[in-house]
Amino acid sequence: MDRVIGHVDLDYFYAQVEEVENPSIKDKPVLVCVFSGRTEDSGVVGTANYPARELGIGSGMPIALAKRRLEGTDAVLIPMHHEKYEAVSEKVMDIVRERVDVLEQTGIDEAFFEVTKASAGDYSNARSLAVEIRKAILASEGLTASIGLGRSRIVAKMASDSAKPNGLAVVAPGETEGFLDPLPVIKLYGVGPKTAQALAEIGVRTIGDLAAIEAAKLEKRFGVKTAVYLHEAATGTDDEPVAERQGATQFSRIITLKMDTRDADQVLDELTPALDDLRSRLLSKGVSFRTLSAMGILTDLTIKTRSRTYEVPIDDLSACRDDMQGLLRDLTGSASKELRRAGIRVSSLSTRADQTSLTQFQ
DNA sequence: GTATGCTTTCGGC
DNA sequence: TTACGGCCGAAAGCATAC
């Protein structure tokens, strides 16, 4: 039986949540902003609604630039309310989860799902399910979402992108080639600029080119594993399952420093509240880590990191303050410029449950 | 040569 | 003319092991 995979994506999520809460703004340009606090306007646009996008505003744009572009309009700038979006997201994900075989959330506003069983493998049934899911999200939360359906995760994701905003795109198995082939290969999930460049060098420009190239040619350039992945992705035959995610694979906190600096002790001092916060999050979740990283964003916005991995999982971040200081000193010492932002990340996570199950076998 | 694991950087939202 | 967050997971690069 053909698999039926879906991808659901909430439209301009943060800004749409703010519109639902205050419908009087919904025809105006709405910008949900991340204010860094360094100066009045420092920060970036997190999400903009479609009226704002028509005026050239997009995610990641500096707030000061967006404001200039919006002079003379009745634009509304709203600071980010992350907990609110998190709560809405949870409700939406529950609505989807109860209508599908399995849900895999991949971000605050998007998820993959499988409805092979729920649709009995029939794309017409699956379309009805997707219509119903979109209606249920709208009825419950007042939010529009876009959904894509296809025979693989990659096809479903690309289909939902093509349907945005407030749309549904169904790519039945027989339509996969026609849908994928014309797209540039860089659009393919898992193909970054390096791979795209390497593919260009062997004459592959579109996904169709990639689907048609001989296996031997791909293997010669990328090795068997990557070659197989690329071929499956390009033909929509990738069979990566949709699986509920158990927990995050990393946690991080990042801040904008009050002033640019390359003084590691000053950075550690300013990071202390973030460290304490991260420590509490880990303790309350019962999560231990083996890898500790310091991150710096330099004045030219390039990123520098330093990390170390412990042999044994650490359950209390406060034990790592000296190591964090060492990483920050190494980082600032090797940085070509001052730091504008700084952060901490922990990864290689485990939980108490993991540890128990491991020790059972010892 | 390929697999694996660690470090650093990249890129999406 | 410039302007510039806070997360996350994946990709890339490298070293080492087999």
Side-chain angles (χ1 to χ4, degrees), chain A residues 9-16 31-48 57-69 79-82 85-86 89 104-112 157 160-161 164 186-198 219-220 222-230 233 240 245 247-257 260 271 274 277-278 281 290-311 327 330-331 334-335 340-349:
Chain A
D9 196 331
L10 292 157
D11 301 320
Y12 63 102
F13 180 51
Y14 302 158
Q16 205 190 348
L31 282 59
V32 173
C33 300
V34 187
F35 292 98
S36 72
R38 177 179 274 206
T39 65
E40 170 146 352
D41 282 346
S42 68
V44 297
V45 176
T47 308
I57 308 301
S59 299
M61 177 177 282
I63 292 165
L65 173 58
K67 275 193 167 180
R68 286 190 58 137
R69 292 213 181 159
M80 180 104 97
H81 299 117
H82 203 266
Y85 314 138
E86 202 68 59
S89 167
E104 178 178 336
Q105 192 174 343
T106 55
I108 192 169
D109 64 347
E110 62 179 301
F112 288 96
K157 166 81 169 144
S160 76
D161 283 346
K164 283 182 194 179
I186 188 87
K187 296 271 186 192
L188 194 61
Y189 182 78
V191 173
K194 299 263 181 175
T195 307
Q197 178 59 41
E219 281 182 26
K220 183 160 178 282
F222 297 98
V224 175
K225 196 173 165 183
T226 305
V228 168
Y229 173 82
L230 288 173
E240 194 188 334
R245 294 206 178 177
T249 64
Q250 58 182 239
F251 291 96
S252 63
R253 280 296 316 263
I254 185 165
I255 62 163
T256 299
L257 300 165
D260 297 341
L271 265 180
D277 178 57
L278 192 56
R281 280 169 69 192
R290 283 202 311 121
T291 302
L292 174 74
S293 309
M295 294 180 284
I297 291 88
L298 312 188
T299 51
D300 62 359
L301 303 185
T302 58
I303 298 168
K304 249 189 139 39
T305 64
R306 285 293 182 268
S307 69
R308 64 163 295 174
T309 298
Y310 302 97
E311 288 197 9
L327 291 170
D330 185 6
L331 194 160
S334 69
R340 178 184 176 88
R341 299 159 63 200
I344 179 173
R345 168 188 286 193
V346 295
S347 51
S348 304
L349 306 180

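Atoms considered below: every heavy atom in the structure, side chains included; atoms not considered: hydrogens, waters and symmetry mates. Chain letters run A, B, ... following the sequence lines, proteins first, then strands; residues in each count from 1.
A close approach under 4.0 Å does not occur between any side-chain nitrogen or oxygen of A:Ser42 and OP1 or OP2 of C:dC4. Contact annotation: A:Arg68 does not reach the phosphate of C:dA3 (side-chain N/O to OP1 or OP2, under 4.0 Å). Under 4.0 angstrom from either OP1 or OP2 of B:dC13 there lies no side-chain N or O belonging to A:Ser59. Residue A:Thr256 has a polar side-chain atom (N or O) positioned under 4.0 Å from OP1 or OP2 of C:dG6. The phosphate of C:dG6 (OP1 or OP2) has no side-chain N or O of A:Arg253 nearer than 4.0 angstrom. Taking 4.0 angstrom as the limit, A:Lys157 places a side-chain polar atom (N or O) nearer than this to OP1 or OP2 of B:dC13.
Going from atom CD1 of A:Ile303 over to atom P of C:dA12 covers 16 Å, rounded to whole Å. When rounded to the nearest whole Å, the span between OH of A:Tyr85 and C1' of B:dC13 equals 14 Å. One interatomic measurement links the two molecules: CE of A:Met61 to C1' of C:dT2, which rounds to 13 Å at whole-angstrom precision. If you measure from atom CG of A:Asp300 to atom C1' of C:dA3, you get 15 Å, rounded to the nearest angstrom. To the nearest angstrom, P of C:dG6 lies 11 Å from CE of A:Met295.
Ranking C:dG6, C:dA3, C:dC7 by closeness to the A:Arg341 side chain, first place goes to C:dG6. Considering only side-chain atoms of A:Leu301, the nucleotide from C:dC4, C:dG9, B:dC13 that sits closest is C:dC4. Of the candidates B:dC10, C:dC8, C:dG5, the closest approach to any side-chain atom of A:Phe251 belongs to C:dC8. Checked against C:dT1, C:dC7, C:dG5, the side chain of A:Val44 finds its nearest nucleotide in C:dG5.
In this structure A:Arg306 satisfies the salt bridge (charged side-chain N to carboxylate O under 4.0 Å, His left out) test together with A:Asp330, sequence neighbours excluded. In terms of the side-chain hydrogen bond (donor to acceptor under 3.5 Å, both in side chains) criterion, A:Arg281 has no residue partners (sequence neighbours excluded). Partners of A:Phe35 according to the side chain to side chain contact (heavy atoms under 4.5 Å, CB included) rule, which considers only residues two or more places apart in sequence or in another chain, are A:Cys33, A:Ile63, A:Pro79. Annotation: side-chain hydrogen bond (donor to acceptor under 3.5 Å, both in side chains) contacts of A:Thr302 (sequence neighbours excluded): A:Asp300. For A:Thr291, the side-chain hydrogen bond (donor to acceptor under 3.5 Å, both in side chains) test picks out A:Thr309, A:Ser348, with sequence neighbours left out. Contacts of A:Lys304 classified as side-chain hydrogen bond (donor to acceptor under 3.5 Å, both in side chains), with partners at least two apart in sequence or in another chain: none. Looking at residues two or more places apart in sequence or on another chain, you find no salt bridge (charged side-chain N to carboxylate O under 4.0 Å, His left out) involving A:Arg340.
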What does the list of N/O pairs under 3.5 Å between the protein and nucleotides 1-7 of chain B look like, with a distance for each?
residue	atom	partner	partner atom	Å
B:dT7	OP2	A:Thr309	OG1	2.2

Task: Verdict with supporting geometry, A:Thr305 and A:Ser293, side chain to side chain donor-acceptor pair (under 3.5 Å) - done: CA-CA 7 Å; A:Thr305 64; A:Ser293 309; over 6 Å; no
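Take the nearest nucleotide of DNA chain C for A:Arg340 and for A:Ala248: the residue whose nucleotide is more 5' is A:Arg340.
Between A:Arg290 and A:Glu311, none of the side-chain N atoms (NZ, or NE/NH1/NH2) sits under 4.0 Å from a carboxylate O, so this pair counts as no salt bridge.
The C1' atoms of C:dG5 and B:dG11 are separated by 14 Å, rounded to the nearest whole Å.
A:Tyr14 and A:Tyr85 have parallel rings, their planes meeting at less than 30° on a 0 to 90° scale where 60° marks the start of perpendicular.
Applying the 3.5 Å distance criterion, the base of C:dG9 shares a donor-acceptor pair with the side chain of A:Arg345.
Contacts with DNA chain C (heavy atom under 4.0 Å) in residues 9-16 of chain A: none are found.
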